[in-house]
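Here the structure comes first, spelled out in structure tokens, and everything after it is commentary.
Throughout, protein chains are lettered first and strands after them, A, B, ... in sequence-line order, and every chain is numbered starting at 1. Computed from a prediction, not measured in an experiment: that's the story for all the values here. Computation of the quantities below employed the complete heavy-atom set of this structure, encompassing side-chain atoms and omitting hydrogens, waters and symmetry-equivalent molecules.
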Amino acid sequence: MMQIKISTPRSFNFVRTVFSHGWSELVPFELDQKKWRLLRVIDLPARPPVSITICRAKGGLRIEAGEELNEAQEAAIAKAVRHMLRLDDDLKPFYAAVGGSENFEWIAREGAGRLLRAPTVFEDLVKMICTTNCSWALTDKMVNALVRLLGSETPDGRRSFPSPEAMAAMPVAFYSNEVRAGYRAGYLKELADQIASGAVDVEGWLTTELATPELKREMKKIKGVGDYAAENVLRLVGRYDGLALDSWIRSKFSRTRNKGRTASDKKIERYYSSFGEWRGLALWCDMTRDWLDGNKAAAS
DNA sequence: GCGTCCAGGTCTACC
DNA sequence: GGTAGACCTGGACGC
């Protein structure tokens, strides 16, 4: 049994982070909302993947795995956790930007704004394509099938998110017939092929020097990635000026910020424009503030 | 039981 | 550069 502790920034809020959007509900994440423990399957080099659990501990987080691991493997797990929970992101400028605004000052107080992400951009991108133009139930079904049918097995019987190579090895028919991805089947196959062959490097999006508009153009070159998917992936690589408006956001904005009346995209843009390069994150926090209402465990 | 709508959109063809 | 129409799936809804 492995157990490691990692420190977190003073402003870090574990619950707000793991519950920052829907990813914690999709395998190979599993979220226990009663105990606020996040389970995740992590890939490691030259051995089967492992299931880890992450929970709050004094001064930071405690990570547990059900087996012994060497020092390098523990370091790899800690690195993946820091990446997923955005522990090294500097949100001070964001908190300064929202701090003076009524209805937004809670964001800094509660330490919101760290959006959970997968260990790889590839996984985030595949999942984002699986959220387009369908219900969340269908997204869940597609992602489940990918992990169940193509992921590597852990010692405790779970499965990791499939590698680009594992996905590239399957034909388009697999994605329509088994994954039930519909017209997205070709997009998933093409994306996996491009990454497995080295033609496209999406992990490089994390560190690229490209300005956000150019990076967004790069993202939209991937078939199946439009404005919504690109702007959401931009958030997950740390760029927050896109609003990533979708049917859920439009509906929520109308209900909470426009007296129930339909709001144009222009109006939504104007509402958050004062937050500049942080407007997309301000919007997301504003729209998801009530997700923890009624949950006392979330307060700390 | 059957048809329609639409959900955390995107692509293509055509102006 | 802007926009209609098509596109897989599956659950909700009305009849």
Mind checking salt bridge (charged side-chain N to carboxylate O under 4.0 Å, His left out) for [X] and listing every partner two or more places apart, or none if nothing turns up?
X	result
A:D227	A:K216, A:K220
A:R148	none
A:E203	none

Check: Can you list the residues that meet the side chain to side chain contact (heavy atoms under 4.5 Å, CB included) rule with A:S152, with sequence neighbours excluded?
Finding: A:P49, A:S160
Checklist line | Listed partners of A:E64 passing side chain to side chain contact (heavy atoms under 4.5 Å, CB included), at least two apart | finding: A:M1, A:Q3, A:R37, A:T53, A:R62
Notebook entry, point to check: Taking 5' to 3' order, which nucleotide of DNA chain C is first and which is last to have an atom within less than 4.0 Å of a heavy atom in chain A?
Noted result: C:dC7 to C:dG10
Notebook entry, point to check: Looking at A:W278, A:W248, A:F253, which hits ring-ring contact (aromatic ring centres under 6.0 Å, His included) with A:W284?
Noted result: A:W248
Check: Is there a donor-acceptor contact under 3.5 Å from the side chain of A:R235 to the main chain of A:L243?
Finding: yes
Next item on the list: Just jot down the ring-ring contact (aromatic ring centres under 6.0 Å, His included) partners of A:F104, sequence neighbours excluded, or say none.
Entry: A:F275
Margin query: Applying ring-ring contact (aromatic ring centres under 6.0 Å, His included), can you list everything that pairs with A:Y95, at least two apart in sequence or on another chain?
Written below: none
For [N] and [M], measure between their [atom1] atoms and round to the nearest Å.
N	M	atom1	value
B:dT10	C:dG11	C1'	22 Å
C:dG10	B:dC11	C1'	22 Å
B:dG8	C:dA4	C1'	23 Å

Item checked: Shortest non-hydrogen separation from A:L245 to A:I249 and the atoms involved -> CD2-CG2, 3.6 Å
Please give, in whole Å, the distance from [N] [atom2] to [X] [atom1]?
X	N	atom1	atom2	result
A:R184	B:dG8	CZ	C1'	11 Å
A:E231	B:dG8	CD	P	18 Å
A:L191	B:dC11	CG	P	12 Å

Note to self: Between A:D124 and A:R117, does any side-chain N to carboxylate O distance fall below 4.0 Å?
What the structure shows: no
Check: Is A:K127 salt-bridged to A:E123, cutoff N-O under 4.0 Å?
Finding: yes
Heavy atoms within less than 4.0 Å of DNA chain B: which residues of [range] have one? Give them sorted by number.
range	value
residues 119-139 of chain A	A:T131, A:T132, A:N133, A:C134, A:S135, A:W136
residues 246-261 of chain A	A:D246, A:S247, A:W248
residues 219-229 of chain A	A:I222, A:K223, A:G224, A:V225, A:G226, A:D227, A:Y228, A:A229

Checklist line | Centroid-centroid distance, A:W36 to A:F19, less than 6.0 Å | finding: yes
Item checked: Nearest-nucleotide 5' precedence on DNA chain B, A:G22 against A:Y187 -> A:G22
Item checked: Pair A:Y271, A:D286: side-chain N/O donor-acceptor within cut-off below 3.5 Å -> no
Check: Are A:Y183 and A:N133 close enough that a side-chain donor and a side-chain acceptor fall under 3.5 Å?
Finding: yes
Next item on the list: Using a 3.5 Å limit on both pairing distances, list the dot-bracket string of DNA chain B from the 5' end; Watson-Crick and G-U wobble pairs count, crossing pairs take [ ], interstrand pairs take |.
Entry: |||||||.|||||||
Margin query: So for atom NZ, which belongs to A:K252, do other residues, nucleotides or ligands contribute more than 12 heavy atoms lying within a distance under 6.0 Å?
Written below: yes
